[in-house]
Amino acid sequence: MDTPVRYPELFLVAEESTPRTYWTLLRYFNFYRIALAAAFFAVTLIYGDALSLGSHSLELFRYSALAYLAAAIAFHGALRDMHGRFNVQLSLQMAVDIAAITLLMYASGGIRSGLGVMLLISLTGAAIVAPRRLSYLYAALAAIALLLEQGYWVLVHDSPPANFVQPGLLAIGCFATAGVTSWLAQRVAANEALARQRGRSLETQTRVNQLVIEDMHDGVVVLDRQGRVVQHNPQAQRLLGESRLLGALIADILPGFGAAADFEVRGRHLGVRMLDAGTEEVFRVLFLEDTTRAREEAQQLKLAALGRLTANIAHEIRNPLAAISHAAELLGEERRDSQRGRLTRIIHDNTLRLERLVAEVLQLSRRDRQSPERIHLRRWLLPFIEEFVANESVPPERFKVEAPAEAAIEFDPGHLHQVMWNLLRNAVRYARAEPGAVRIAARVAGDRVELSVIDNGPGVPASSQGQLFEPFFTTDSKGTGLGLYLARELCAANRASLEYVRESSGAHFRVVARSAKP
């Protein structure tokens, strides 16, 4: 019947349970063993027994040192090729250390040679990586070796029995060294495991916080005590419209910072809220809230019912409008006097206006039905401008296109057609009648593409800029007030944005869309 192993955790430990750092420490300690054995052998070759090493038996000292060196080299090869049974390898090395140092000590005259202290160094190194039971086993073996060596001197060489005091004290030191070192090593290992666990928890928490901050709709900016940006999330960079924020002064980005809580940046209203981080570095956290977006969401809720109502009304009034238009044309053919001609013209103009209003309301109700495609802007803009020129009776030389060949966006072609038609119609209406009065420019900015429509007209008055994209707001007596609102809604449906850029002269509208992957 097989006898069960009493302490399987000591000599049957799996390789995976031994930390990699233990193997590294064992390898370094073996380098020390090689250096020590080589130094002992070299000293006796150079000085003989002049340094009291090998004073009792120089030949035994040399052979012991040489055997010790050969064993250390063999252990180094085993450590390199065999990563298994850590405690077994450690125990074999300690056995060789105890035997070799005891022989070297005997060959040098016994306990008075002082070489017994070398056992404390070996025990200290072993106790760092060995279980506590093994550490005490090594200390017991070292104590037995010391007492046996001294007993040999007493029995064979008639040494006084009183000389057992020094080996006895050294044996007690072996147990004390093994116990204290093992206790300290276990405390260090426990603290290291706790630090590693907390480090993983902190890394996980930091990663989760980073994902949450990056996905926030609000911008987050961290400032140092001088007001410089030391950290920010992507939303803050988009809201502030800066290509580089790190290291910039917040006062340069937001003029009047500290005196006001609301700012307007790139046509958007930002609410600013600042908190003290409560750290020794005196960091402050700045939260940027896009209040324009909040107002737009509230406006969407208000217009949801209106949208459903207007869609139904549009279907109901379209047929009567067609009948009115047809009747007006017949009336114009029947009578030719000026009064009836003027009335006919009024009926016809208002009919067209209502027809355009109905078409825009229907387009608004279909804004969520998009089929994005990859659109090369330069190839798309040229035939689009030709179509616009032919339908709106505008000289082609009034347009100037600046679009790089690599500029491409993900957008529904029908929606882009509607957006650009509205923007060009407004630009032509207010621009001066001269060549290049309306400039269409595209620019690639990272993973986004900016498509701008710029005219050389008087621009939008400051008092009206905040209402530009509100539904039914217009300064044109013949307009419906839905053009820019519809254009922005179509952009939003395509995960793009439409904004008005303040400039010193002229009107500048910019569509920021996703760049299409090749």
Side-chain angles (χ1 to χ4, degrees), residues 25-26 28-73 75 90-130 135-182 184-185:
L25 291 174
L26 192 60
Y28 287 158
F29 195 73
N30 197 62
F31 286 144
Y32 155 78
R33 185 180 292 111
I34 293 174
L36 180 65
F40 281 158
F41 185 72
V43 166
T44 57
L45 288 179
I46 298 174
Y47 298 103
D49 59 355
L51 299 179
S52 298
L53 297 178
S55 58
H56 177 69
S57 175
L58 182 61
E59 185 176 359
L60 177 60
F61 189 93
R62 285 177 178 173
Y63 283 130
S64 298
L66 187 61
Y68 192 25
L69 177 61
I73 294 174
F75 288 147
L90 177 63
S91 299
L92 289 176
Q93 293 183 21
M94 282 303 301
V96 170
D97 284 344
I98 294 171
I101 294 175
T102 302
L103 288 174
L104 293 173
M105 184 174 61
Y106 170 76
S108 300
I111 192 67
R112 69 175 185 269
S113 66
L115 292 179
V117 180
M118 306 302 297
L119 289 173
L120 298 180
I121 299 177
S122 297
L123 288 174
T124 302
I128 294 176
V129 296
S135 299
Y136 284 127
L137 173 62
Y138 302 151
L141 292 176
I144 292 172
L146 289 171
L147 295 176
L148 287 177
E149 191 271 342
Q150 184 61 35
Y152 186 82
W153 278 100
V154 171
L155 296 175
V156 178
H157 299 288
D158 296 329
S159 178
N163 289 345
F164 272 103
V165 175
Q166 289 183 340
L169 293 176
L170 188 58
I172 294 173
C174 290
F175 280 99
T177 299
V180 173
T181 304
S182 179
L184 291 176

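With Leu146 as the fixed residue, the side-chain contact (heavy atoms from CB on, under 4.5 Å) test singles out one of Leu170, Thr102, Leu169: Leu170.
Identified under the side-chain hydrogen bond (donor to acceptor under 3.5 Å, both in side chains) test for residues 140-150, with sequence neighbours left out: Glu149-Trp153. Listed by first and then second residue, the side-chain hydrogen bond (donor to acceptor under 3.5 Å, both in side chains) pairs that reach into residues 164-182 come to none, sequence neighbours excluded. Here salt bridge (charged side-chain N to carboxylate O under 4.0 Å, His left out) pairs that include residues 159-176, with residues two or more places apart or in two chains, number zero.
With sequence neighbours left out, Arg62 forms a salt bridge (charged side-chain N to carboxylate O under 4.0 Å, His left out) with no residue at all. Not counting sequence neighbours, the partners of Leu147 by the side-chain contact (heavy atoms from CB on, under 4.5 Å) test are Phe164, Pro167. Every residue meeting the side-chain contact (heavy atoms from CB on, under 4.5 Å) condition with Ala171, not counting sequence neighbours, appears here in chain and number order: Ala143. By the side-chain hydrogen bond (donor to acceptor under 3.5 Å, both in side chains) test, Thr124 is found to be paired with no residue, residues two or more places apart in sequence or in another chain being considered. Listed by chain and residue number, Phe75, Val88 satisfy the side-chain contact (heavy atoms from CB on, under 4.5 Å) test with Leu92 (two or more places apart in sequence, or in another chain). When the ring-ring contact (aromatic ring centres under 6.0 Å, His included) test is applied to Phe31, the partners found at least two apart in sequence or on another chain are His76. A search for ring-ring contact (aromatic ring centres under 6.0 Å, His included) contacts involving Phe175 returns nothing, not counting sequence neighbours. Partners of Ala126 under the side-chain contact (heavy atoms from CB on, under 4.5 Å) rule, at least two apart in sequence or in another chain, are Leu90, Met94, Tyr138.
Looking only at distances, no side-chain donor or acceptor of Ser108 sits under 3.5 Å from a matching main-chain atom of Ser55. A donor-acceptor pair under 3.5 Å is absent between the side-chain atoms of Ser113 and the main chain of Gly109, judged by distance alone.
Using bins of under 30°, 30° to 60° and over 60° for the plane-to-plane angle, the ring pair Tyr152/Tyr106 lands in the perpendicular bin.
The distance from the OG atom of Ser64 to the OH atom of Tyr68 is 11.5 Å, given to the nearest 0.5 Å. The distance from the CG atom of Leu45 to the CG atom of Leu58 is 8.5 Å, given to the nearest 0.5 Å.
When side chains are defined from C-beta on, Val154 does not count as touching Asn163, because their heavy atoms never get closer than 4.5 Å. A 4.5 Å side-chain heavy-atom check between Tyr32 and Ile121 finds at least one atom pair inside the cut-off. Using a 4.5 Å heavy-atom threshold, the side chains of Leu53 and Leu115 count as touching.
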What donor-acceptor contacts under 3.5 angstrom involve side-chain atoms of residues 33-41, with partners at least two apart or in another chain?
unit_1	atom_1	unit_2	atom_2	d
Arg33	NE	Asp97	OD1	2.7
Arg33	NE	Asp97	OD2	3.3
Arg33	NH1	Asn30	OD1	2.6
Arg33	NH1	Gln93	OE1	3.0
Arg33	NH2	Gln93	OE1	3.4
Arg33	NH2	Asp97	OD2	2.9

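Between Ala127 and Ala185, the shortest heavy-atom contact is O-CB, 3.9 Å. The two atoms that bring Ala65 and Leu104 nearest to each other are N-CD2, 3.9 Å, heavy atoms only.
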